[in-house]
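Naming convention: chains lettered A, B, ... in sequence-line order (proteins, then strands); numbering from 1 in each chain.
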Protein chains: 2
Amino acid sequence: MGHLPGTQVAIPSDRRARRRQETIEEILDIAESVMTEAGVTGLSLSEVARRLGVQPPSIYKYFDSLMAVYDALFRRGQAAHLKVLAAAMEEQGPGLDALLAGVEASGQWCIAHAPLAQLLFWRPVPTFEPSAESMTPSAEMVHLQRRALADAVAAGQLGPGADSDEALYLVSIIVSGVIGQALANEPHLGWGEGRFTPLLPKLLDVLVALYPPRPATAGRR
Amino acid sequence: MGHLPGTQVAIPSDRRARRRQETIEEILDIAESVMTEAGVTGLSLSEVARRLGVQPPSIYKYFDSLMAVYDALFRRGQAAHLKVLAAAMEEQGPGLDALLAGVEASGQWCIAHAPLAQLLFWRPVPTFEPSAESMTPSAEMVHLQRRALADAVAAGQLGPGADSDEALYLVSIIVSGVIGQALANEPHLGWGEGRFTPLLPKLLDVLVALYPPRPATAGRR
DNA sequence: GTCTATAGCCTGATAGAC
DNA sequence: GTCTATCAGGCTATAGAC
């Protein structure tokens with residue numbers, strides 16, 4: 001097959017595709033740094049082109065529109081966030097420990113990728129609606145947390161009420177509350193610094209208070 | 001009308017001042033509704049002028065710049081929010097009840113004035129820094145909540161650790177978490193509807209779990 | 001205080017040569 | 001895929017007539 005025209009074309013076309021993918025990633029990297037300086041809504045394709053060293057129309061060879069760039073940022077961000085969340089949960093083992101490790105990793109990622117986190121979880125661009133496909137990692141995240149809650153109940157770390165949507169919403173409120181306050185009031189500080197992010201473990205302890213496990217060994221009552 | 005020159009000028013100048021103030025308030029009302037439709041960063045003085053029925057340059061007779069409009073919105077919003085918060089707390093009586101009534105009223109106001117709340121508490125406009133004077137109602141809000149916590153401790157509703165900055169931060173994390181999730185995920189729902197805002201009382205109950213009151217020594221009911 | 005006119009900037013997006 | 005050129009429009013803000 002070596003001298004068939006098809007293969008002769010195939011190899012350089014692979015290279016071209018790879019190079020193209022690299023350019024796409026570079027555009028998204030630059031877009032992220034523009035958002036860091038100008039805010040999520042301050043993203044402009046002209047500015048991206050300027051920093052990439054090309055003319056603005058060239059961007060349109062890679063993305064159909066500004067909203068397409070937002071959608072790619074959303075998709076890439078969602079996937080990256082899910083990856084660190086899942087890795088932290090898996091490393092830590094099941095149940096409550098996995099939940100704690102997951103939200104801690106999630107918080108760290110959000111602080112380190114502030115504008116992306118805002119795009120994902122606060123929706124500051126009114127004209128941007130993420131595509132349905134972009135939302136599948138979000139469903140996966142919910143699934144992981146839901147399973148961790150169920151495991152915690154099964155292991156007797158939490159009461160049966162914790163295996164519920166309500167508990168899931170409580171977790172999301174607590175995590176987004178901590179991160180939101182940190183991003184709004186201490187945007188220059190890292191994870192673990194400042195007045196808010198160190199409070200996350202304490203706040204998650206309240207899950208135990210809200211859904212007290214039945215005493216396995218001799219205890220009160 | 002009197003024929004003294006002073007009075008002849010004074011009365012119409014009062015009217016003029018009042019009319020001017022009305023126009024300023026109208027501009028801010030319109031600016032708020034523009035933000036409701038276009039997002040906080042979507043505010044444009046041209047659009048405000050269009051809806052007011054004047055040409056864009058006329059706005060500059062009332063505000064020096066776009067940022068001056070943001071600052072006025074911030075100041076007016078801060079004052080309005082403080083007013084409903086303080087009224088709810090005072091009506092309810094001291095201690096934990098005042099705190100609960102206050103955050104409930106605060107949440108209601110934020111949902112009803114979503115873009116203003118975002119401007120006040122999430123800072124989505126990177127180039128806008130509120131003036132120092134605009135921040136004084138915020139300090140007053142902190143003072144009210146801090147006093148409610150102290151009263152709750154004195155009344156034996158909470159343990160002594162609740163009279164602290166930490167407890168204050170926990171309250172702000174919880175409240176902003178509930179409101180932030182509601183605004184991002186259920187922007188069309190009112191207070192008490194949806195998956196998040198009904199959870200606020202339950203989340204504030206955790207203050208009692210985190211700072212348990214001393215059993216018998218103090219705090220008679 | 002209102003207007004017209006306009007400066008001077010930015011943007012997203014398209015057409016077409018190379 | 002890159003470029004030039006351009007469209008079509010937005011914006012903030014100023015100058016000056018009335």
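Summarising the local packing, CD of B:Glu91 is surrounded by 12 or fewer heavy atoms from other residues, nucleotides or ligands at distances under 6.0 Å.
The phosphate of D:dC11 has OP1 or OP2 within less than 4.0 Å of a side-chain N or O from B:Arg50. When the side-chain nitrogen and oxygen atoms of A:Tyr70 are compared with OP1 and OP2 of C:dG12, none of them lie within a distance under 4.0 Å. The phosphate of D:dG10 has neither OP1 nor OP2 within less than 4.0 Å of any side-chain N or O from B:Ser44. Considering only side-chain N and O atoms, A:Ser65 lies nowhere under 4.0 angstrom from the phosphate OP1 or OP2 of C:dG12. Checking the phosphate oxygens (OP1, OP2) of D:dC11, no side-chain nitrogen or oxygen of B:Tyr60 falls inside 4.0 Å.
Note: CG (A:Leu66) to P (C:dT11) measures 11 Å, nearest angstrom. The distance from atom OH of B:Tyr62 to atom C1' of C:dG1 is 6 Å, rounded to the nearest whole Å. Taking atom CD of residue B:Glu22 and atom P of nucleotide C:dG1, one finds them 12 Å apart after rounding to whole Å. Summarising the geometry, the separation between CD on B:Glu47 and C1' on D:dG10 is reported as 11 Å, rounded to the nearest angstrom. Remark: P of C:dG1 and CZ of B:Arg19 are 9 Å apart, rounded to the nearest angstrom. Rounded to an integer number of Å, the gap from B:Leu43 CG to D:dG10 P is 16 Å. In this entry the distance linking CG of B:Leu45 with P of D:dT14 reads 12 Å, nearest Å. We find that CZ of B:Arg18 is positioned 18 Å from C1' of C:dG1, with the value rounded to whole Å.
Looking at heavy-atom distances under 4.0 Å, B:Phe63 makes no contact with the nucleic acid at all. Counting any heavy atom pair closer than 4.0 Å across all strands shown, B:Pro57 reaches a base atom.
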- What's the verdict on side chain to side chain donor-acceptor pair (under 3.5 Å) for B:Glu104 and B:Gln108, showing C-alpha distance, side-chain angles and the deciding distance? CA-CA 6 Å; B:Glu104 188 95 6; B:Gln108 251 171 326; over 6 Å; no
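Taking 4.0 Å as the cut-off between side-chain N and carboxylate O, B:Arg75 and B:Asp71 count as a salt-bridged pair.
With hydrogens and angles left out, the side-chain atoms of B:Glu26 and B:Tyr62 include no donor and acceptor closer than 3.5 Å.
With C:dT4, D:dC3, C:dG12 as the choices, the nucleotide that has an atom nearest any side-chain atom of B:Gln55 turns out to be C:dT4. Which of D:dT12, C:dT2, C:dG1 sits closest to the side chain of B:Arg20 comes down to C:dG1. Ranking C:dG12, D:dT12, D:dT2 by closeness to the A:Lys61 side chain, first place goes to D:dT2.
Just one residue in the list B:Ile179, B:Leu203, B:Val103 forms a side chain to side chain contact (heavy atoms under 4.5 Å, CB included) with B:Ile174, and that residue is B:Leu203.
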